[in-house]
Visitor: 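Here you go, one structure.
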Amino acid sequence: MKIKENLFQYFEKAGIKDTYRPHDIIYMQEDDSTNIYLIVKGRVRVYNISLTGEEITFEILDKGRIFGESSVFQNSSRPTTVTAISDVELISCRLDDLYPYLSESKELTVSLLQHMSQTCDHVTSLLKKAYTYNRYEKIASFLLEQPHTQIPYSISYTHEEMSTIVGLSRVTITKVLNEFVKKGYIQNKYRRIVIIDVNGLEDILNK
């Protein structure tokens, strides 16, 4: 769920713009939660660091996505760490400063509620895939769940980025994607994957 650009104005009125370079930390898990963030430009990685130092990636987010909202609404510490993947421009705002604009814009309110609902659905999906899906199902599910309005559609992920999200090795990602190419489900481009046969990918999940 992305925030439409016509709604960016409310975040701009309520907050301030920040910029980050690749690998910059936006916030760490266990930090106090005071602000929510809207991505205006670039991509960020949302992940958790275990007690043993292992990093578990939940999502890679790009323009129009918001993050940090769950801990702010719950008034809890950050459950994840977020770092910049590319040059990133964010709007950072306190929830109290955004509240007046929620009453002003029904569309903004609905968008935030939808986003929170989809975040819960996404966490449930991650747990299901981690414990019940094989490698083909994990990758097919990842490709199918990416936002799109028409078919074919493309997603801008490297094999390394997919590896950190799906929880498989980069070699496994490459092998499975190459099999999908041979079956005509996708086209593998430089830093981009084109999904051309949605039904074929869905059949993998329905077996």
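This chain uses plain numbering: 1 for the first residue, then up along the sequence.
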Visitor: Taking Thr109 for its side chain and Leu102 for its backbone only, find out whether a donor-acceptor pair lies under 3.5 Å.
Guide: yes

Visitor: Locate the shortest heavy-atom distance separating Phe180 from Ala140; write the atom from each residue and the value.
Guide: CE1-N, 4.1 Å

Visitor: Could you state the interatomic distance from CG (Asp197) to CD (Glu202), rounded to the nearest 0.5 Å?
Guide: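 Going from the CG atom of Asp197 to the CD atom of Glu202 covers 9.0 Å.
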
Visitor: Heavy atoms only: give me the nearest Gln146-Phe142 pair and the separation to one decimal.
Guide: NE2-O, 2.9 Å

Visitor: Measuring from Lys175:NZ to Ile139:CD1, what's the distance to the nearest 0.5 Å?
Guide: 11.5 Å

Visitor: Work out which heavy atom in Ser169 is nearest to a heavy atom in Thr172; give both atom names and the distance.
Guide: OG-OG1, 2.9 Å

Visitor: Determine whether Leu143 and Leu177 make a side-chain contact, defined as any pair of heavy atoms from C-beta on separated by less than 4.5 Å.
Guide: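 Yes; the side chains approach each other to less than 4.5 Å.
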
Visitor: Check whether any side-chain heavy atom of Thr57 sits under 4.5 Å from a side-chain heavy atom of Glu161, and report yes or no.
Guide: no

Visitor: Look at the side chain of Asn48 and the backbone N and O of Pro79, then say whether any donor-acceptor pair between them is shorter than 3.5 Å.
Guide: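 Flag set: sc Asn48 to bb Pro79 pair under 3.5 Å.
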
Visitor: How many angstroms lie between CG in Leu201 and CD in Glu137, if you round to the nearest 0.5 Å?
Guide: 12.0 Å

Visitor: Would a single hydrophobic cluster contain both Leu205 and Ile193, if residues Ile, Leu, Val, Met, Phe, Trp and Tyr are joined by side-chain heavy-atom contacts under 4.5 Å?
Guide: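 As far as the 4.5 Å side-chain criterion goes, Leu205 and Ile193 are connected within one cluster.
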
Visitor: Looking at Glu5 and Lys63, is there a salt bridge between them, counting it only when a charged N and a carboxylate O are closer than 4.0 Å?
Guide: yes

Visitor: Determine whether Val176 and Val171 fall in the same hydrophobic cluster, where Ile, Leu, Val, Met, Phe, Trp and Tyr are linked whenever their side-chain heavy atoms lie under 4.5 Å apart.
Guide: no

Visitor: Quick one: closest heavy-atom pair of Ser163 and Arg170, and the distance?
Guide: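 Residues Ser163 and Arg170, closest heavy atoms: OG-N, 3.5 Å.
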
Visitor: Nearest 0.5 Å please: distance from the NZ atom of Lys182 over to the CG atom of Asn188.
Guide: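 Atom-to-atom, Lys182:NZ and Asn188:CG are 12.5 Å apart.
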
Visitor: Answer yes if Tyr136 and Leu144 sit in the same cluster of Ile, Leu, Val, Met, Phe, Trp and Tyr residues linked by side chain heavy atoms under 4.5 Å apart, and no otherwise.
Guide: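 Same hydrophobic cluster.
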
Visitor: Which atoms form the tightest heavy-atom contact between Gly42 and Ser86, and what is the distance?
Guide: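 That would be CA-OG, 3.4 Å.
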
Visitor: If you look at every heavy atom in Gly68 and Tyr27, which pair is closest and at what distance?
Guide: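 In this case the closest contact between Gly68 and Tyr27 is CA-OH, 3.4 Å.
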
Visitor: Report yes if some heavy atom in the side chain of Asp87 is under 4.5 Å from a heavy atom in the side chain of Pro22; otherwise report no.
Guide: yes

Visitor: Between side-chain atoms of residues 6-17 and protein atoms elsewhere (two or more places apart, or another chain), which donor-acceptor pairs fall under 3.5 Å?
Guide:
residue: Asn6; atom: ND2; partner: Glu107; partner atom: OE1; Å: 3.3
residue: Gln9; atom: NE2; partner: Asn6; partner atom: O; Å: 3.0
residue: Lys17; atom: NZ; partner: Glu89; partner atom: OE2; Å: 3.3

Visitor: So does Arg78 get a backbone contact from the side chain of Ser33, meaning a donor-acceptor N/O pair under 3.5 Å?
Guide: no

Visitor: Under a 4.5 Å cut-off applied to non-hydrogen side-chain atoms, are Asp62 and Ile85 in contact?
Guide: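 Contact flag for Asp62/Ile85 side chains = no.
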
Visitor: Roughly how far, to the nearest 0.5 Å, is the CD1 atom of Ile66 from the NZ atom of Lys2?
Guide: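 So the gap between those two atoms works out to 13.0 Å.
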
Visitor: Say whether Tyr99 and Leu38 are linked into one hydrophobic cluster, either directly or through other cluster members, by side-chain heavy-atom distances under 4.5 angstrom.
Guide: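 Tyr99 and Leu38: one cluster.
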
Visitor: Would you kindly confirm whether Ile196 and Ile204 end up in one hydrophobic cluster when ILVMFWY residues are joined by side chain heavy atoms under 4.5 Å apart?
Guide: no

Visitor: Atom OG1 in Thr83, atom NE2 in His23: separation rounded to 0.5 Å?
Guide: 8.5 Å

Visitor: Quick one, Arg21 with Asp24, criterion salt bridge (Lys or Arg N to Asp or Glu O under 4.0 Å). Give me CA distance, side-chain angles, the key distance, then yes/no.
Guide: CA-CA 6 Å; Arg21 302 287 293 172; Asp24 283 352; over 6 Å; no

Visitor: Please lay out, stage by stage, how Leu61 and Arg43 fare under the test side chain to side chain contact (heavy atoms under 4.5 Å, CB included).
Guide: CA-CA 5 Å; Leu61 307 178; Arg43 309 173 83 197; over 6 Å; no

Visitor: Are Ile26 and Phe67 close enough that some pair of their side-chain heavy atoms sits under 4.5 Å apart?
Guide: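 Contact flag for Ile26/Phe67 side chains = yes.
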
